[in-house]
Q: 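Please read through the structure below; I'll follow up with questions.
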Amino acid sequence: LLEYASGDNLENMALSFIESNYKILSDTGNSAGIKLQSTTKNGSGGKGGGLFAAGGTGHGGTTGRTLSVTVDTGDAGNSNAGINTTGASSPGILIDSTAGSGGGGGSSDCCNGGSGGGGGNGSPVNVKGTGSVRANGSDSVGINIKNKGGNGGSGHDSGAGGHGGSGGSGGTGGQVQLDSSQAWSISSGKGSDNAAVQVQAFGGHGGTAHAGATNGGHGGRGGNGGEIQIGSQTQGAWTLNTVGSSAHGFSLLSQAGNGGDGGQGDGGDGGSGGQGGQGGSVLVKDIDVTVSTEGNQSSGLLAVSKAGAGLNGGKGETFGKGGNGGPGGGGGKISIEGTWNVTTKGEQSNGITAFSLGAPGGNGGDGGVFNPDSGSGGSTGPSGPVNVNLKGTVNTSGGDSKGIVAQSIAGHGGSGGTSISAVSFSAKGGSAGGGGTVSVTNQASVTTLADQSAGIVAQSVGGGGGS
């Protein structure tokens, strides 16, 4: 009902909704109570080179806008105030900052194809306030915050005698800060994937490289995931309730972009695959929260830092060597602290779930008919440290519902390429990454009632090497 949009020609936005005991009601579908959205301009494509020049590089995407939001609906326990949506796909509050993607590379009839432009980086999103948010419709998140870097632009095929254009790098996801100093009461609707509070900070994907008459272009690098911070020096009391499946109390995800595929070398070597980005940190500190979830696969907290995958090397057609696979990115740090009083009732619904995930490396490209060399597999990314330090109570009653799960899991290496040459050499598989340190300091009372429901699971798992 209150909607603000920032285009590329507007500056950063700082908005406040502050009035004691006001009420926002929405009963139609696809209607957020408050919506603040900024999508900046994509980069334009590179200039064509024509008969006598190489293709131009695509222009970079515009950096995302900083968004700062303060919401105060009055007493969090006042049922006559706050934000209340009843339509389908109608979050209580939606805040979305998306940076522009890079433009594609320009064409050439004679020479090198143009490379793609880089994606714009995300900018900070800052949210604070107090009050009541009730998203009662199906597929409706209570508070939904997204911050995304732009994707890299694709390269262009070369002309008759040049290299293929490389992909542009993905932009970094912007930081998200959610202040926890004041009280909130937040609930989400029926359906699936409806968290009470969902925060996502995505890095952009690397651009895809294109083929060259000689060598293929290289895949673009994936952007790093943005950092997520929740907390403050003072603690307000938060109450979160969900009823749907895969409906977590808090759902926090920092996800890096994947690299881009390498281009084929029609007369030369294939291009290398792009490296995956690094997962950002997810940090929750100094929070006092009570969480209740009723559906299956609905944790009180799900916190994930996920790296981007390395992509595949290009094929070396005829005389060329296959390109190497891109390395996988590493998972970021997870740190969860505070006072948590969590109750879950569904199956596979842990009290607290925290993952740092490294990503796999890309596969090497195949060698050409007259070249025995194929590309090596990309190495896998390591996973980051996971630290959980809790006070309070954690109670689960469904089957396969652990109290606390803290895991750091590395990815696996990519496979080496093959060659169809009469004489061929084995390509190396990508090396394995290491699992990060996992630490659980538990001062909470943890009770699990059903089968396959351990109180605490703490694991660090290294990755496997590629074949």
Side-chain angles (χ1 to χ4, degrees), residues 7-9 39-64 98-122 148-172 203-223 257-275 277 311-324 326 362 365-366 368 375:
D8 191 60
N9 60 337
T39 301
T40 57
K41 187 178 179 181
N42 295 332
S44 57
K47 184 177 180 181
L51 294 172
F52 304 106
T57 299
H59 294 82
T62 307
T63 299
T98 300
S101 294
S107 63
S108 174
D109 295 326
C110 68
C111 309
N112 296 340
S115 295
N121 293 327
K148 185 178 180 182
N151 296 327
S154 297
H156 202 284
D157 293 341
S158 76
H163 301 319
S166 295
S169 296
T172 298
H205 297 303
T208 300
H210 275 236
T214 54
N215 296 333
H218 302 301
R221 187 189 188 282
N258 298 329
D261 283 316
Q264 177 175 297
D266 291 337
D269 296 340
S272 58
Q275 179 176 347
L311 268 282
N312 301 328
K315 181 180 180 181
E317 189 73 17
T318 313
F319 297 102
K321 174 185 178 295
N324 293 331
D366 295 339

Q: Would you check if the side chain of His205 reaches a backbone N or O of Asn258 as a donor-acceptor pair within less than 3.5 Å?
A: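 Yes, because the side chain of His205 sits within donor-acceptor range (under 3.5 Å) of the backbone of Asn258.
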Q: Is the backbone of Gly362 close enough, under 3.5 Å, to the side chain of Asn312 for a donor and an acceptor to pair up by distance?
A: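 Between the backbone of Gly362 and the side chain of Asn312 there is no qualifying donor-acceptor contact (under 3.5 Å).
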Q: Can you tell me if Asn112 uses its side chain to pair, donor with acceptor, with the backbone of His163 under 3.5 Å?
A: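 Such a contact is found between Asn112 side chain and His163 backbone.
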Q: Under 3.5 Å, is there a donor-acceptor pair between the side chain of Asn121 and the main chain of Gly171?
A: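 No; zero donor-acceptor contacts below 3.5 Å.
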Q: With a cut-off of 3.5 Å and sequence neighbours excluded, list every side-chain donor-acceptor pair involving residues 47-58.
A:
none

Q: Check Ser158 against Ala213 and note the closest heavy-atom contact, atom names and distance.
A: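 So the two residues come closest at OG-N, 2.7 Å.
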Q: Calculate, to the nearest 0.5 Å, the distance between atoms CZ and CD belonging to Arg221 and Gln275 respectively.
A: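 The CZ atom of Arg221 sits 4.5 Å away from the CD atom of Gln275.
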Q: Could you report the tightest heavy-atom contact between His210 and His156, atom names first, then the distance?
A: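 In this case the closest contact between His210 and His156 is CB-C, 3.5 Å.
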Q: Could you report the tightest heavy-atom contact between Ala99 and Thr63, atom names first, then the distance?
A: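 Taking every non-hydrogen atom into account, CB-C, 4.2 Å.
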Q: Looking only at atom types and distance, does a side-chain atom of Thr40 sit under 3.5 Å from a main-chain N or O of Thr62, one as donor and one as acceptor?
A: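 Yes; at least one donor-acceptor contact below 3.5 Å.
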Q: Does the His218 side chain pair with the main chain of Ser272, one donor and one acceptor, at a distance under 3.5 Å?
A: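 The answer is yes, because a donor-acceptor pair under 3.5 Å joins these two groups.
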Q: Any sub-3.5 Å donor-acceptor pair from Thr208's side-chain atoms to Ser154's backbone N or O?
A: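 No.
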Q: Could you pull out the closest heavy-atom pair between Ala209 and Gly219, with the gap in Å?
A: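 Taking every non-hydrogen atom into account, CB-N, 3.8 Å.
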Q: For the pair Asp269 (side chain) and Lys321 (backbone), establish whether a donor and an acceptor sit closer than 3.5 Å, ignoring hydrogens and angles.
A: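 Checked: pair present.
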Q: Enter the distance from Asp157:CG to Gln264:CD here, rounded to the nearest 0.5 Å.
A: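 If we round to the nearest 0.5 Å, Asp157:CG and Gln264:CD are 9.5 Å apart.
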Q: Check whether any side-chain N or O of Thr214 sits under 3.5 Å from a backbone N or O of Gly162 as a donor-acceptor pair, and report yes or no.
A: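 Judged by distance alone, yes, a pair lies under 3.5 Å.
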